[in-house]
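Scroll down for the structure; my scribbles are underneath it.
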Amino acid sequence: MWKKHFTRPRLLLWLALLLLVLLTGWQWLQVTQLGHHWRQFPQRTLATPLADYAEQQAVRALLTEDEALGYLLVTELANARLISSAQLYEDSGHLLAESAALTDEGRIEPTLPYVRPLYQEGEPIGFLRLQLANNPIAVAQRNIWQQLEYYLGWLLPLCLLLGLLLGLGLQHWRQHRQKTIKSE
């Protein structure tokens, strides 16, 4: 019974279709992972030098538990155009200092987080958390990525539909060809 429904060519067609779906899923997963890195790349690249610069002062403020030094540091960071707010935390999660830069309208911009763990002689002593402001490069990059996701969202199902129609068309053509061969 099953041999009647699953002839060798039909089985190969179903396996090819399954392979196509699996490859499409794998490619979609790769595009999704690439998108995560793509959206975070400009901010993280620009924030790393700021965090490198502030790391020694942050470690000093944490070791001495000097809130004034910590506040001075986060205020200086928050005044950078790339940073909308900065927080300095102890290892236990206790907030030592916090500062936020406001926009012209007086509200905080939507941002991405950047966390830098802080160590002293290999031991964690706290972390510096920066909220990265949206800059024109990041906004343009995000818009490009959204457009790419939109078009891929249409392209992948259409390719799958085209593959199904092509497979059905080939199957119909082969059946028609077999009928003409038998009738001769």
Side-chain angles (χ1 to χ4, degrees), residues 21-160:
V21 168
L22 289 174
L23 286 174
T24 303
W26 182 76
Q27 285 296 323
W28 187 255
L29 179 65
Q30 297 300 316
V31 166
T32 303
Q33 288 176 350
L34 178 65
H36 177 70
H37 297 299
W38 171 271
R39 287 187 296 264
Q40 293 182 348
F41 184 73
Q43 273 88 352
R44 299 217 180 267
T45 302
L46 296 172
T48 301
L50 280 174
D52 291 343
Y53 163 76
E55 187 170 7
Q56 288 181 347
Q57 289 177 319
V59 168
R60 187 177 316 118
L62 286 170
L63 290 176
T64 60
E65 295 181 8
D66 186 356
E67 289 184 20
L69 181 61
Y71 181 73
L72 181 65
L73 172 67
V74 294
T75 302
E76 184 180 346
L77 287 171
N79 287 333
R81 288 186 55 171
L82 179 64
I83 308 297
S84 65
S85 71
Q87 299 89 24
L88 182 60
Y89 290 90
E90 294 177 350
D91 189 35
S92 63
H94 175 73
L95 181 65
L96 184 67
E98 176 179 30
S99 182
L102 299 177
T103 63
D104 294 336
E105 295 85 30
R107 57 187 162 79
I108 297 175
E109 298 177 10
T111 58
L112 296 170
Y114 178 86
V115 177
R116 169 67 67 90
L118 302 169
Y119 297 96
Q120 176 66 29
E121 297 177 3
E123 293 294 318
I125 59 169
F127 59 94
L128 182 63
R129 183 174 193 264
L130 306 174
Q131 289 294 114
L132 306 173
N134 287 324
N135 61 38
I137 294 172
V139 171
Q141 194 173 29
R142 191 174 311 122
N143 289 340
I144 291 169
W145 186 258
Q146 287 173 346
Q147 290 175 358
L148 179 65
E149 284 180 331
Y150 174 78
Y151 292 124
L152 284 175
W154 277 100
L155 181 64
L156 294 176
L158 290 174
C159 287
L160 183 62

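The structure presented is a predicted model; accordingly, all values stated were derived computationally and were not measured.
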Any side-chain to backbone donor/acceptor pair from S99 onto A86? Under 3.5 Å, distance only. no

Do you know the tightest heavy-atom contact between [X] and [Y]?
X: L77; Y: I83; value: O-CB, 3.2 Å
X: L96; Y: E90; value: CD1-OE2, 4.0 Å
X: Q57; Y: L69; value: O-CD2, 4.2 Å
X: L128; Y: A54; value: CD2-CB, 4.0 Å
X: V115; Y: F127; value: CG1-CD1, 3.9 Å
X: A97; Y: G70; value: CB-C, 3.3 Å

When rounded to the nearest 0.5 angstrom, what distance separates CG in L88 from OH in Y71?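 Answer rounded to 0.5 Å: 13.5 Å.
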
With rounding to the nearest 0.5 angstrom, report the CD to CD distance, E67 to E65. 9.0 Å

E76: which residues meet the side-chain hydrogen bond (donor to acceptor under 3.5 Å, both in side chains) condition with it, sequence neighbours left out?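 Here the qualifying residues are Y53.
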
Do L118 and Y89 come within less than 4.5 Å of each other through their side chains, counting heavy atoms only?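 Not touching, per the 4.5 Å side-chain cut-off.
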
Going by salt bridge (Lys or Arg N to Asp or Glu O under 4.0 Å), name the pairs with one or both residues in residues 46-60, residues two or more places apart or in two chains.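 The answer is D52-R116, E55-R116.
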
Suppose we screen for salt bridge (Lys or Arg N to Asp or Glu O under 4.0 Å). Which residues come up paired with R129, at least two apart in sequence or across chains?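 Result, salt bridge (Lys or Arg N to Asp or Glu O under 4.0 Å) vs R129: none returned.
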
